[in-house]
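Each chain gets a letter, A, B and so on, in the order the sequences are listed, and its residues count up from 1.
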Amino acid sequence: MSRLEFMQGNAACAEGALAAGCRFFGGYPITPSTEIAETMARRLPNVGGVFISMEDELASIAAVIGAAWTGTRAMTATSGPGFSLMMENIGYAAMTETPCVIVNVQRGGPSTGQPTRAAQGDMFQCRFGSHGDYSTIALTPNSVQEMFDLTVKAFHLADRFRVPTFVMADEIVGHMRERVTIPDTVDITPPAPLAEGALPFEAGEDGVPGFAPFGSGRSVHVTGLTHNEQGYPDTTDPGTHDRLVRRLVTKIESARREIADYVVTNPDAETVFVTYGPPSRTVEQVMRDHPDESVGHLRLRLVWPFPEFALQEFPNAQVFLMPELNLGQMVREVQRHVDQPVISIPKIGGDLHTPAELLRALEAHR
Amino acid sequence: MIAPDWFREDRLPHIYCTGCGNGTVLNCTLAAVEELGWTRNETAFVSGIGCSSRAPGYILADSLHTTHGRALAFATGVKLARPDLNVVVFTGDGDLAAIGGNHFIHACRRNVDMTVVCMNNQIYGMTGGQGSPTTPQGAISTTTPYGSTEPAFDLAELAVAAGANYVARWTSYHVKELTKAIATGMQTPGFAFIEVRTQCPTNFGRRNKLRQIPDMIDYLRSHAMHVAKYNRLLEEGAEVPEGTFSVGELVRRKRPAMGVRQ
């Protein structure tokens with residue numbers, strides 16, 4: 001049995017986290033993400049979990065990583081300025097292979113920008129925001145239902161790949177209210193345990209080491225320094241660094257097909273919209289209002305690692321159109337993977353593209 | 001060596017310079033752990049960045065060597081998620097009082113049940129001897145080549161003011177007293193802060209007329225004054241000799257604490 005609810009996106013995100021077994025939330029209030037913290041503050045104590053309002057976002061992500069190392073599913077939620085503050089420790093989580101979930105309810109930036117208006121301006125920051133080479137996973141919900149579903153999925157992927165995983169929401173899906181189906185149980189697999197006799201950062205073929213959380217008797221040393229399979233610092237040997245960092249990237253990039261999550265509409269189309277997050281809702285509106293099999297839609301529910309093979313689902317594509325709530329970010333990723341023209345349809349300021357705007361773009365480029 | 005069972009011998013050689021006080025502090029901490037009979041399966045060590053923060057890497061237990069200044073925030077997550085674990089944090093004056101100052105006062109305020117050992121050598125040692133928030137006025141460092149002009153933080157007094165349940169200060173000379181203070185801190189529910197004034201001959205002493213290792217230890221010994229006497233001098237309005245600092249137990253109290261094992 002599942003239950004039907006009418007709720008806000010941020011609340012659905014919190015419910016998704018709880019359903020996935022999240023039992024630790026460390027956060028700092030910031031518009032437009034605050035309802036996630038408020039929901040977790042109300043709900044976590046009732047399920048034996050811990051909510052803590054930390055002194056800033058640096059501390060929030062730090063506490064989340066600390067909790068994650070006890071084997072507790074842990075999450076934080078923030079927006080632009082707080083997300084920027086978290087960057088160093090996000091790199092630490094990537095380097096130490098800490099499974100955790102970071103929700104960014106995006107708002108207009110840079111700087112304090114537009115606290116109450118939507119944007120998709122942090123799409124590259126979630127991929128490249130911390131220093132050095134690493135890979136992460138980022139999901140992009142377009143509805144209140146997906147705020148629930150993709151938060152659950154984020155915990156699953158974080159555990160599966162031992163990587164900080166992002167729910168890249170925005171003010172629109174965060175504050176929108178819609179019908180949500182909440183299942184009684186969700187599918188989520190805990191991280192594979194560290195095998196007997198295996199070293200704590202020794203990985204098998206999939207590049208993901210087994211996990212021995214604190215208190216499990218394995219005496220694991222965790223460091224953000226370049227470390228060997230034993231977890232010990234080895235900061236000068238080029239081979240150790242190359243092996244470690246290459247594995248951190250490869251374990252994600254080589255699993256792109258396993259991780260990918262997208263929806264294809266009208267695969268025979270010649271003109272193809274590529275979207276993620278709320279702009280997909282406008283494209284769906286246009287396609288409902290003007291049925292036309294020559295117009296297709298690739299909707300990405302997950303943008304990092306970028307599933308470039310999804311673009312091949314449209315063998316007749318002549319042109320790709322990409323509406324985004326930024327001045328053109330993910331469009332660069334599409335452009336570098338196809339030979340056809342890729343047209344950016346940027347919009348900033350907080351409003352979603354209108355159907356009329358997308359129709360005009362469609363007529364101009366088909 | 002004290003507590004050989006807790007030492008990762010395969011990590012030798014360690015990074016500490018000849019004459020460094022950090023090894024003494026590490027030894028005293030492990031002696032306290034042994035005295036209390038803690039086991040490695042129920043104990044986690046957390047640290048930030050700097051010479052002090054390399055200590056957990058030499059201890060055979062679960063250990064989290066984190067980012068600069070954030071050790072207490074990481075440790076808060078560990079302890080609140082698993083109150084049954086004993087959490088010990090190693091930090092230094094740069095890590096704790098400069099980049100991590102905000103986390104320090106809030107961890108004291110929350111009174112999270114953990115023991116924090118701060119190796120205060122009054123200098124950024126690992127990066128080669130730059131002035132820190134505890135570098136004394138007038139002291140020479142690579143970033144205060146004409147003598148530091150800034151007043152220094154009193155870390156122990158800061159912890160008292162911010163609400164820690166247990167605060168003590170000793171030096172790397174006072175190994176018995178220090179070990180006892182760390183053990184008492186570990187047994188006190190809430191946030192226990194033990195400041196250890198320790199020597200950095202390489203990057204502090206060398207530039208401040210304390211070139212010989214024994215000179216630095218002798219300086220710590222001769223400038224440490226028991227807190228009872230120190231406070232009495234202050235109350236009487238008598239002059240406290242320059243460079244003198246208080247040692248001993250500054251506070252032990254029972255404010256409400258977080259993350260205490262049930």
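Interface check for chain B: of the options A:Pro213, A:Ser60, A:Ala67, the most heavy-atom pairs under 4.5 Å are formed by A:Ala67. Contact count against chain A (heavy-atom pairs under 4.5 Å) is highest for B:Thr66 among B:Thr66, B:Asn102, B:Leu60, B:Thr76. Taking B:Glu42, B:His106, B:His103 one by one and counting their heavy-atom pairs under 4.5 Å with chain A, the maximum is reached by B:His103. Put simply, of A:Gln230, A:Arg23, A:Met54, the one with the most heavy-atom pairs under 4.5 Å next to chain B is A:Met54. The most heavy-atom pairs under 4.5 Å with chain B, out of A:Asp56, A:Thr96, A:Val64, come from A:Asp56. Interface remark: of the candidates A:Gly66, A:Gly26, A:Ala62, A:Ala63, A:Ala62 forms the most heavy-atom pairs closer than 4.5 Å to chain B. Taking B:Leu64, B:Val46, B:Thr43 one by one and counting their heavy-atom pairs under 4.5 Å with chain A, the maximum is reached by B:Leu64.
One finds the CG atom of A:Leu58 at 12.5 Å from the NE2 atom of B:His68 (value rounded to the nearest 0.5 Å).
At least one side-chain heavy atom of A:Ser219 sits less than 4.5 Å from a side-chain heavy atom of B:Arg8. Two residues are said to be in side-chain contact when any heavy atoms from C-beta on lie closer than 4.5 Å; B:Thr67 and A:Met95 fail this criterion. Residues A:Tyr232 and B:Asp10 meet the side-chain proximity criterion, which asks for heavy atoms closer than 4.5 Å.
If you measure heavy-atom distances from A:Ser216 to chain B, the contacts under 4.5 Å come from the backbone alone. B:Leu80 touches chain A through backbone and side chain together, each having a heavy atom under 4.5 Å away. With a 4.5 Å cut-off on non-hydrogen atoms, B:Arg110 touches chain A through its side chain but not through its backbone. With a 4.5 Å cut-off on non-hydrogen atoms, A:Val220 touches chain B through its backbone and its side chain both. Contact annotation for A:Ile52: only side-chain heavy atoms (C-beta onward) come within less than 4.5 Å of a heavy atom of chain B. Heavy atoms of A:Arg218 lying under 4.5 Å from chain B belong exclusively to its backbone. Both the backbone and the side chain of A:Phe214 have a heavy atom closer than 4.5 Å to some heavy atom of chain B. With a 4.5 Å cut-off on non-hydrogen atoms, A:Thr72 touches chain B through its side chain but not through its backbone.
Counting non-hydrogen atoms of other residues, nucleotides and ligands closer than 6.0 Å to CG of A:Asp242 gives a total above 12. Atom OH of A:Tyr28 has 12 or fewer heavy atoms from other residues, nucleotides or ligands within 6.0 Å. The number of heavy-atom neighbours closer than 6.0 Å to CG of A:Asp187, taken from other residues, nucleotides and ligands shown, is 12 or below. Counting non-hydrogen atoms of other residues, nucleotides and ligands closer than 6.0 Å to CZ of A:Arg246 gives a total of 12 or fewer. Within 6.0 Å of CZ on A:Phe51 lie more than 12 heavy atoms contributed by other residues, nucleotides or ligands.
Taking all atoms of both residues into account, the shortest heavy-atom contact from B:Ala81 to A:Thr70 is CB-OG1, 3.4 Å. Annotation for A:His221 and B:Gly57: closest pair CE1-CA, 3.4 Å, computed over non-hydrogen atoms.
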side-chain contact (heavy atoms from CB on, under 4.5 Å), that's the test. Do B:Lys79 and A:Val50 meet it? Break it down for me. CA-CA 11 Å; B:Lys79 184 62 181 173; A:Val50 175; over 6 Å; no
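Side chains of B:Arg70 and A:Tyr92: no donor on one and acceptor on the other come within 3.5 Å.
When atom types are taken as modelled, the side chain of B:Asn41 and the backbone of A:Gly215 share no donor-acceptor pair closer than 3.5 angstrom.
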